[in-house]
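Some notes on the structure that comes next.
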There are 2 protein chains.
Amino acid sequence: MTQRPTPRRPTLEDVARRSGVSKSTVSRVINDEPKVRAEVVDRVREVITELGYVPNQAARQLVTHRTNAVAVVATEPDNRLFLDPFFDCLLRGIRRELARHGAQAVLLFLDEPDDYARVADYLGGGHVDGAVLFSLRPGDRLHEMIERIGLPAVFGGRPLLRAGDTVHRHAYVDGDNRGGARQAVRHLVSLGRKRVATVTGPHDQETSAADRLAGYRDVLLDAPPELTERADYTRQGGADAMAALLDRCPDLDAVFVASDLMASGALQTLRARGRRVPEDVAVVGFDDLTDIAESTDPPLTTVHQDVEGMGRLMARLLFDRTERADRTDRTGRTEAPPSVVVPTRLVLRDSA
Amino acid sequence: MTQRPTPRRPTLEDVARRSGVSKSTVSRVINDEPKVRAEVVDRVREVITELGYVPNQAARQLVTHRTNAVAVVATEPDNRLFLDPFFDCLLRGIRRELARHGAQAVLLFLDEPDDYARVADYLGGGHVDGAVLFSLRPGDRLHEMIERIGLPAVFGGRPLLRAGDTVHRHAYVDGDNRGGARQAVRHLVSLGRKRVATVTGPHDQETSAADRLAGYRDVLLDAPPELTERADYTRQGGADAMAALLDRCPDLDAVFVASDLMASGALQTLRARGRRVPEDVAVVGFDDLTDIAESTDPPLTTVHQDVEGMGRLMARLLFDRTERADRTDRTGRTEAPPSVVVPTRLVLRDSA
DNA sequence: TTGAAAGCGCTAACAA
DNA sequence: TTGTTAGCGCTTTCAA
């Protein structure tokens, strides 16, 4: 690289001197403050490009306490999250909304145990104005970390309530897992199905799985336990769970599978066992991941959520909080976290 | 969230006062400098935790010119990159190596046209000590941006030479695409194959594709043009290209396919056309993405590159440059970018 | 509309 | 081993 011999980065002062005005004036020009004479503005702008001046954010930050950057923190062992189209879409929503506010999204990963300390330092060190966090593991240290640091934050997915708490301490955005599950199961019931089974996610670990199961139970108050089989949100898990259900309850005529990926596995099992879908067994999934839901055979009836919209919402919620934090500096008021649950809708295709 | 009523963050000064020493001493404790009495260290540490003091990075940065953060900039329309296992692996390598140096990797995306200005501001604003960049589009503005900003940088993949340049202006890390292709083709030749075809990537757009084609030609100096078919690094593209080759040269007995993904498509076509692999047609891929190469039928013989290692290397190269930049501040010396081409090796499975 | 001066929170000589 | 003193490059009163 052409490493110029230390051409010290120009500063505000350099620009001021060269354009024959004071630092304050240059600062005003940079920040688009109104009360500067037009010709002065032009002159200063000229010098800025001539010198290739770029404001030093550290210096600015030191006085404004603003960075215009927001961290997105993703936790996932081995980065499964990273390859997940759901997350991809969510992230796009977040980035778009942040960009609308002129903020830069910076993505941080939290994989190995050592990462915690470094990320905590980063978040606590004032590099960002706030954080959007995804904590997929229960009992994660993320919440505690955020609390200690005192950074405005919004979580993706409803966190587990901590022992002793009756209310969530952090704002979160989540899909209406319970309501969506109800829609799915009601649809199966309305089709006249009498033996509606369900394949669940890891409901002891993730609230989304627990909520989807709760929705199933809301509709089928007295569903016998043998109609419920737990899986792990993977395709293979869905296939296996479906097999187990079929072995146990050969007379089942419908199944609500708590994710599209698992549903695609379940469909495979049903086909292998010679059950026609939807004639013999009606199937409803959850997520509406187009890649999956439209390419299964038959195409999957499933519960849709506006994932990119959820991402945008998370960003918006975060801005509410950072701005409130600014105001709070003056008023000293305190508020409860305004979390949001995003509605779902049933998308009818051919499997139910 | 429990928004405390503006409990102004404690500063170095607060810690100093409360522990009855000077700011310098506290600073020394924080930075683990040796010459501080043990009891003083303890006392200060105590106060630090008591107050929950976290250093203000902006202030520190302002004087040290160090952030301990490195940006990883990914360009890709619609984030295809993001879902790519290759990139996932590369990124892991980068993160691990950065972590070893105590640096935080922050990932930035560059999708929409508006993103450029914001990212440029971010990179130029002193938020990071350097950047690792992936520019997959030819004629990208990234190089120019980095040059203007004057930030230590390392690129992933050999960039196209710019008009008028005879040498690369930026450091880069790349796999030995040309050498790997030579290994692949030599292997096919050593098997006694006489009509060795190739399915290429978009060699007019990406240097990796161009280099792999060049490697093929290095070995098969007088390969007739009809044995070369261009595709686009997708599975479908590979399948279509294979079909075209078969139509044109029914007598081909081997094919070097420039990526595993395309190779899996090619295998599919070969099977559909009733050609046995490797008996009738021997196939060699490129990349050695385990997910693909081990699950094709037959398992794919392919060219392996140590992707995570390449990631680590990129990070290491970047540290070389940031540290050199520090020294250069004093010596004023200039050096050419030390780019690295990482060797490949052929992994023999069953397809050739 | 502009400028002077103070200060954000830290590190780094230099003295002691 | 510790403290004193200058800044780092910017924004922001306050005066002019």
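In the text below, chain A, chain B and the rest are named by the order of the sequence lines, each starting its count at 1.
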Result for 5'-nearest mapping on DNA chain C, choosing between A:Lys23 and A:Val40, is A:Val40
To the nearest Å, give me how far apart CD1 (B:Ile48) and P (C:dC10) are. 10 Å
Given atom CD of B:Glu13 and atom P of D:dG3, what is their separation to the nearest angstrom? 13 Å
Taking only side-chain nitrogens and oxygens of A:Ser22, does any of them come within less than 4.0 Å of OP1 or OP2 of C:dG3? yes
Taking only the side-chain heavy atoms of B:Thr64 (C-beta and beyond), determine which of C:dT11, C:dG9, D:dT11 contains the nearest atom. C:dT11
A:His101 and A:Glu97: side-chain donor and acceptor closer than 3.5 Å? yes
Pairwise 5' ranking along DNA chain D for B:Val21 and A:Leu62, keeping only the more 5' one: B:Val21
Can you check whether A:Val70's main-chain N or O pairs, donor with acceptor, with A:Asp129's side chain at less than 3.5 Å? no
Any side-chain N or O of B:Arg37 under 4.0 Å from OP1/OP2 of D:dT2? yes
Going by atom types only, do A:His170 and A:Glu147 share a side-chain donor-acceptor pair under 3.5 Å? yes
Integer-rounded Å distance: C:dC10 C1' and B:Arg17 CZ: 15 Å
What nucleotide, of C:dG9, D:dG3, D:dC10, holds the atom closest to the side chain of A:Pro55? D:dC10
Please check the phosphate of C:dT11 (OP1 and OP2 only) for any side-chain N or O of B:Asn31 closer than 4.0 Å. yes
Most 5' of B:Tyr53 and B:Arg28 on DNA chain C, judged by nearest nucleotide: B:Tyr53
Could you tell me how far apart B:His65 (NE2) and C:dG9 (C1') are, to the nearest whole angstrom? 15 Å
With the side chain counted from C-beta on, respond yes when A:Val106 and A:Tyr122 share a heavy-atom pair under 4.5 Å apart, and no when they do not. yes
Atom CD of A:Gln57 and atom C1' of D:dT11 are separated, to the nearest Å, by 13 Å
Can you figure out which of D:dC10, C:dC10, C:dT2 approaches the side chain of A:Thr25 most closely? C:dT2
Sugar-phosphate only, base, or nothing, as touched by A:Ser24 at under 4.0 Å among non-hydrogen atoms: base
When you measure from the side chain of A:Val63, which nucleotide among C:dT2, D:dC10, D:dG3 comes out closest? D:dC10
Report the distance from atom CD1 of B:Ile30 to atom C1' of C:dA12, rounded to the nearest whole Å. 14 Å
Less than 4.5 Å apart, any side-chain heavy atom of A:Glu50 and any of A:Glu46? no
Interatomic distance where NZ belongs to B:Lys35 and C1' belongs to D:dG3 [whole Å]: 16 Å
In whole angstroms, the gap separating P of D:dC8 from CG of A:Asn56 amounts to 12 Å
